Amino acid sequence: MASESGNSQQSRHQEVGHKSLLQSDALYQYILETSVYPREPEPMKELREITAKHPWNIMTTSADEGQFLNMLLKLINAKNTMEIGVYTGYSLLATALALPDDGKILAMDINRENYEIGLPLIEKAGVAHKIDFREGPALPVLDLLVEDEKNHGSFDFVFVDADKDNYLNYHRRLLELVKVGGVIAYDNTLWNGSVVAPPDAPLRKYVRYYRDFVLELNKALATDPRIEICQLPVGDGVTLCRRIK
């Protein structure tokens with residue numbers, strides 16, 4: 001029995017960005033091979049494969065989540081968007097491809113070097129002109145945006161995939177910047193499934209460190225009267241927040 005369990009664990013997470021909480025890896029692979037990979041734009045495929053060779057590749061957005069974000073942006077007719085946490089730019093490219101030619105993305109990350117890994121493919125896709133990349137912490141940029149009232153309610157969509165201990169700080173500011181009817185998407189809100197793990201569960205150090213911040217965020221979002229929410233088991237969990245007031 002122990003051997004079967006070990007083999008099962010070894011078979012998990014073969015795909016880079018595989019953060020699915022589906023119990024069956026075969027089912028997740030079916031989704032990728034049937035519905036995701038055949039429709040994946042070539043520049044996104046190339047970026048995914050390049051990112052797979054990066055030592056921090058677990059940070060990438062999964063391919064199924066990239067497809068989901070691309071569809072969502074088209075459904076809500078997003079034009080002015082923001083991304084906090086870029087890494088090599090897989091989700092950023094999914095966003096840029098979904099926006100109209102005059103669409104804009106304010107993209108922030110503390111590491112320009114990682115962003116530049118994906119930049120040639122973003123340029124190859126012909127969407128680099130949509131991106132305003134800012135290197136450094138996001139909070140000072142958000143504070144400057146909030147100070148100017150013309151920015152209030154000016155964003156259609158925001159994707160947050162950055163430092164979990166600042167998610168609530170981002171949320172307070174983003175609710176002023178996203179329009180009523182606009183959407184904020186928070187990534188990793190199921191956090192490797194650790195949100196339901198017992199306190200003494202054996203967890204990787206970084207998972208244990210950020211778990212309490214994720215739990216605090218989930219509790220706050222569930223009771224925030226300014227938004228409607230929908231938490232989805234896509235990737236590592238993504239919570240959509242639609243601003244209603």
Side-chain angles (χ1 to χ4, degrees), residues 36 39-44 47 61-109 112 115 118-136 138-162 167 170-187 221 224 226-230 232 234-235 238-245:
V36 180
R39 300 277 187 148
E40 186 179 37
E42 188 62 28
M44 290 184 65
L47 180 51
T61 299
S62 61
D64 55 324
E65 186 173 359
Q67 184 185 61
F68 167 73
L69 291 173
N70 182 274
M71 175 72 79
L72 174 64
L73 286 155
K74 292 172 181 174
L75 288 172
I76 66 174
N77 296 313
K79 185 174 181 179
N80 190 35
T81 73
M82 185 190 305
E83 181 159 331
I84 301 176
V86 171
Y87 185 42
T88 61
Y90 187 80
S91 57
L92 184 63
L93 181 52
T95 298
L97 288 169
L99 298 184
D101 192 59
D102 59 346
K104 298 296 180 185
I105 313 166
L106 173 59
M108 293 170 274
D109 198 287
R112 174 176 282 275
Y115 166 65
L119 185 55
L121 289 164
I122 292 172
E123 292 172 339
K124 180 179 177 180
V127 293
H129 65 284
K130 302 178 186 180
I131 299 168
D132 175 10
F133 180 82
R134 312 279 184 93
E135 182 180 23
L139 285 176
V141 178
L142 294 178
D143 285 337
L144 285 174
L145 289 172
V146 170
E147 283 180 13
D148 190 341
E149 288 193 7
K150 74 179 182 182
N151 295 316
H152 291 194
S154 65
F155 288 87
D156 304 309
F157 177 82
V158 182
F159 182 58
V160 184
D161 183 12
Y167 269 27
Y170 296 143
H171 186 67
R172 295 184 189 101
R173 293 159 174 81
L174 292 175
L175 276 179
E176 295 192 55
L177 298 171
V178 173
K179 70 180 184 181
V180 172
V183 176
I184 308 169
Y186 291 103
D187 202 16
L221 296 181
D224 190 333
R226 299 167 295 178
I227 56 175
E228 296 174 331
I229 69 169
C230 178
L232 302 169
V234 175
V238 57
T239 300
L240 303 181
C241 305
R242 178 176 177 269
R243 183 185 170 194
I244 56 175
K245 60 182 177 182

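These figures come from a predicted structure and were not determined experimentally.
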(request) Name all residues meeting the side-chain contact (heavy atoms from CB on, under 4.5 Å) criterion together with P120; count only those two or more places apart in sequence or in a different chain, and write none if there are none. (result) none

(request) Would you check if the side chain of T81 reaches a backbone N or O of D156 as a donor-acceptor pair within less than 3.5 Å? (result) no

(message) With heavy-atom distances below 4.5 Å as the criterion, would you say the side chains of L240 and I184 are in contact?
(response) no

(message) The criterion is salt bridge (charged side-chain N to carboxylate O under 4.0 Å, His left out); which residues satisfy it with E228, sequence neighbours excluded?
(response) R242

(message) Quick check for you: to the nearest 0.5 Å, what is the distance between I131 atom CD1 and T95 atom OG1?
(response) 8.5 Å

(message) My understanding is that only residues two or more places apart in sequence, or in another chain, count here; which of them pass side-chain contact (heavy atoms from CB on, under 4.5 Å) with A98?
(response) N70, L73, K74

(request) May I ask you to test the C230-T239 pair for a side-chain heavy-atom distance under 4.5 Å? (result) no

(request) Drop me the distance from L69's CG to L97's CG, to the nearest 0.5 angstrom. (result) 12.0 Å

(message) If the test is side-chain contact (heavy atoms from CB on, under 4.5 Å), which one of L177, D132, I105 qualifies with M82?
(response) L177

(message) As a quick check of understanding, evaluate side-chain contact (heavy atoms from CB on, under 4.5 Å) for I244 and V180, giving each step before the final call.
(response) CA-CA 5 Å; I244 56 175; V180 172; 5.6 Å; no

(request) Look at atom NZ of K124 and say whether more than 12 heavy atoms of other residues, nucleotides or ligands are closer to it than 6.0 Å. (result) no

(request) For L47 and G118, work out which heavy atoms get closest and say how close. (result) CD1-CA, 3.5 Å

(request) For the residue pair F157 and F159, categorise the inter-ring angle as parallel (less than 30°), tilted (30 to 60°) or perpendicular (more than 60°). (result) parallel

(request) Could you tell me which residues satisfy side-chain contact (heavy atoms from CB on, under 4.5 Å) with E149, sequence neighbours excluded, listed by chain and number? (result) H152

(request) Work out which heavy atom in A138 is nearest to a heavy atom in I84; give both atom names and the distance. (result) CB-CG2, 3.7 Å

(request) Could you list all the ring pair (Phe, Tyr, Trp, His ring centres under 6.0 Å) pairs where at least one residue sits in residues 77-101, not counting sequence neighbours? (result) H54-Y87

(request) Provide the closest heavy-atom pair for I229 versus I227 in the form atom of the first, atom of the second, distance. (result) CG2-CD1, 3.5 Å

(request) Grab the two heavy atoms, one from G66 and one from T61, that are nearest each other, plus how far apart they are. (result) N-CG2, 3.9 Å

(message) What verdict does the side-chain contact (heavy atoms from CB on, under 4.5 Å) test give for N80 and S154, after you've listed the backbone C-alpha separation in whole Å, the side-chain angles of each residue and the deciding distance to 0.1 Å?
(response) CA-CA 7 Å; N80 190 35; S154 65; 4.1 Å; yes

(message) Whether the side chain of K130 engages the backbone of A96 through a donor-acceptor N/O pair (distance < 3.5 Å, no angle test) should be reported.
(response) yes

(message) List the residues meeting salt bridge (charged side-chain N to carboxylate O under 4.0 Å, His left out) with D102, not counting sequence neighbours, and say none if there are none.
(response) K79

(message) Strictly distance-based, threshold 3.5 Å: is any side-chain N or O of E135 a donor or acceptor partner for the main-chain N or O of R112?
(response) yes

(request) For L99 and A78, work out which heavy atoms get closest and say how close. (result) CD2-O, 3.3 Å

(message) So which atom in L221 and which in H171 form the shortest heavy-atom distance, rounded to 0.1 Å?
(response) CD2-CE1, 3.5 Å

(request) Output all residues satisfying side-chain contact (heavy atoms from CB on, under 4.5 Å) with K245, sequence neighbours left out; order by chain, then residue number. (result) P225, R226

(request) Go through the structure and list residues passing salt bridge (charged side-chain N to carboxylate O under 4.0 Å, His left out) with R39, not counting sequence neighbours. (result) none

(request) Indicate whether the side chain of E83 and that of S91 have a donor and an acceptor atom separated by less than 3.5 Å. (result) yes

(request) Could you pull out all residues at least two apart from F133 that satisfy ring pair (Phe, Tyr, Trp, His ring centres under 6.0 Å)? (result) Y115

(request) Apply side-chain hydrogen bond (donor to acceptor under 3.5 Å, both in side chains) to T88 and list each qualifying residue two or more places apart in sequence or on a separate chain. (result) T51

(message) Closer than 4.0 angstrom, basic N to acidic O: yes or no for R173 and D143?
(response) yes

(request) Could you grab the distance from atom CG of L139 to atom CE of M108, nearest 0.5 Å is fine? (result) 9.0 Å

(request) Verify, without hydrogens or angle tests, whether D187 (side chain) and V238 (backbone) share a donor-acceptor contact under 3.5 angstrom. (result) no

(message) Can you list everything that forms a side-chain hydrogen bond (donor to acceptor under 3.5 Å, both in side chains) with D101? Sequence neighbours excluded, please.
(response) H129

(message) Applying side-chain contact (heavy atoms from CB on, under 4.5 Å) to V160 and L174, what does each step give before you reach the verdict?
(response) CA-CA 10 Å; V160 184; L174 292 175; 3.7 Å; yes

(message) For N151, give me all partners under side-chain hydrogen bond (donor to acceptor under 3.5 Å, both in side chains), at least two apart in sequence or on another chain.
(response) none

